[in-house]
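First comes the structure, then the notes that go with it.
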Amino acid sequence: MKSNGNNSGIKKKKAWFEVLKGIMKIKYKKPKFIYLGEEISNSGIILSNHEGTDAPMSLEIYSHKPLRFWGAHEMNSGLISMYKYQTKIYYHEKKHWNLTLARLFCLIASPLTNLFYSGFDLISTYRDARFIKTVRESKEALNNGYNVVILPEVSEGGYNRTLKGFHEGFALFAHSCLKSGMDPKVFVSYYNKPNNTYVIDEGIPCSVLFERYPQREELASALCQRCNELGELSYNEEFIKSKA
C-alpha cells in the first residue's frame, strides 16, 4: 500500500494548544521559508537540523502543514522523566549549562514544557527494540496525511552550525516504508537561527535515495552532508537576496 496522504486521519490540534502557540510567537519569529523544489504538502519525511528548540518550534508554529515530530521518549513519558532528561541531557550535556543551574531552572521549565508537549503529539523514539513502535506509529502518521519530522542530528556534544552526522534511525524508518509498499518523499532542510531562514530541499522518494545509497550509513552520511550544504546556502547573502 502506498502512502496516500489521506487527510481524514489528521486531528485538529486542541484549542488551548493553538492559543499557546500564538503566545510562543513572541519568542519565535516567523522564518523565511525557501523551497528549492516543490513545497511540502502531506505524507512526507522532513529531516532538519535541531538548533535547540528553534527549528522544531518554527516548523510547528509557522509551517501550517500537518506534522508529527519524533522526540526522545523521555520527553513524552510524564513530568518526572522529562525533568531528568531536560536537566542532565538537554540543558547540561547539549546546551552546556551548569548542572545545578539546570536542575533549578527545570523546576519551573519542566512543568511548562510538559504541558506544551502534551499538545505537541510527539512520536516517541527509543534506543532499543521498542523502536519498532516508533516505526509503526510513524507509518500510520504518513498514511493519515501527516508529515513526519525527524531531527537526526548527532548532538551529544551540543548543537553545531556544521552538523557532525545523522543518526540512522530515519533510514531504518524509510526502509521499512519501502517494505510496506510506501514511498514517501524525503525533504532535507536546514534552519539558520541568526538570520531566521529555513531552506528546504526538493523532495526525493525513498526508493530513489536507496538506489543511490543502498547502505543506511551511506544514506545518513549523504543526507547530513546535504543538510550542511543547505546550511551554507542559508548563510549566503546573495542567495538569500535572490529568493527575496
Side-chain angles (χ1 to χ4, degrees), residues 21 24-71 90 94-96 147-171 173-174 184-213 215-244:
K21 286 202 299 183
M24 297 296 282
K25 289 181 180 180
I26 298 172
K27 178 180 180 181
Y28 300 98
K29 304 304 180 182
K30 185 176 181 178
K32 178 179 178 60
F33 287 97
I34 299 175
Y35 286 91
L36 303 186
E38 79 275 26
E39 291 194 18
I40 298 167
S41 55
N42 292 45
S43 301
I45 300 173
I46 303 172
L47 305 181
S48 176
N49 63 321
H50 211 297
E51 196 60 70
T53 59
D54 292 271
M57 288 301 300
S58 295
L59 282 176
E60 174 63 33
I61 295 173
Y62 294 108
S63 71
H64 304 300
K65 303 296 182 183
L67 305 174
R68 294 284 306 278
F69 286 78
W70 277 19
Y90 183 73
K94 295 180 184 286
K95 302 282 283 185
H96 308 301
N147 296 288
V148 174
V149 183
I150 304 173
L151 303 106
E153 178 181 350
V154 174
S155 58
E156 282 74 9
Y159 302 111
N160 300 284
R161 170 180 163 177
T162 301
L163 280 61
K164 296 179 180 179
F166 273 0
H167 292 292
E168 297 174 16
F170 79 89
F173 167 47
K185 288 185 177 180
V186 176
F187 296 83
V188 179
S189 62
Y190 187 98
Y191 176 69
N192 180 331
K193 183 177 179 179
N195 64 18
N196 199 25
T197 301
Y198 228 129
V199 180
I200 302 172
D201 207 0
E202 63 177 332
I204 303 176
C206 289
S207 57
V208 175
L209 287 173
F210 276 104
E211 286 176 5
R212 296 177 183 174
Y213 312 105
Q215 304 300 320
R216 292 195 303 269
E217 58 269 22
E218 285 183 280
L219 180 59
S221 177
L223 295 193
C224 179
Q225 180 179 341
R226 182 54 181 165
C227 189
N228 282 326
E229 290 171 356
L230 297 179
E232 290 305 313
L233 283 177
S234 76
Y235 281 91
N236 186 314
E237 292 184 8
E238 291 302 316
F239 170 76
I240 299 300
K241 288 179 182 178
S242 71
K243 299 297 182 180

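All heavy atoms count here, side chains included; hydrogens, waters and symmetry mates do not. Just so you know, these numbers come straight off a predicted model, no measurement behind them.
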Compare all side-chain heavy atoms of [X] with those of [Y] and state whether any distance is below 4.5 angstrom.
{"X": "I45", "Y": "F170", "answer": "no"}
{"X": "L47", "Y": "C227", "answer": "no"}
{"X": "K21", "Y": "Y28", "answer": "no"}
{"X": "L36", "Y": "L230", "answer": "yes"}

Mind listing the closest non-hydrogen atom pair of [X] and [Y] along with its distance?
{"X": "N147", "Y": "S41", "answer": "ND2-O, 3.0 Å"}
{"X": "N160", "Y": "L163", "answer": "O-CD1, 3.8 Å"}
{"X": "S63", "Y": "L67", "answer": "OG-CD1, 3.2 Å"}
{"X": "I200", "Y": "F33", "answer": "CD1-CD2, 4.0 Å"}
{"X": "R226", "Y": "D201", "answer": "NE-OD2, 2.6 Å"}
{"X": "Y62", "Y": "K25", "answer": "OH-CG, 3.3 Å"}

Examine distances only and state if a side-chain atom of K32 and a backbone atom of K243 form a donor-acceptor pair shorter than 3.5 Å.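 Side chain of K32 to backbone of K243: a pair is present.
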Using the rule ring pair (Phe, Tyr, Trp, His ring centres under 6.0 Å), only one of Y191, Y190, Y159 pairs with H50; which is it?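 With H50 as partner, ring pair (Phe, Tyr, Trp, His ring centres under 6.0 Å) holds for just one option, Y159.
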With side chain to side chain donor-acceptor pair (under 3.5 Å) as the test, pick out the partner of S234 among N49, N195, N192, T197.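 Only one of N49, N195, N192, T197 forms a side chain to side chain donor-acceptor pair (under 3.5 Å) with S234, namely N192.
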How about S48 and Y198: does a side-chain donor come under 3.5 Å of a side-chain acceptor?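 There is such a pair between these side chains.
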Looking only at the aromatic ring of each residue, does the gap between the centers of W70 and F173 stay below 6.0 angstrom?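 Distance test on ring centres: under 6.0 Å, yes.
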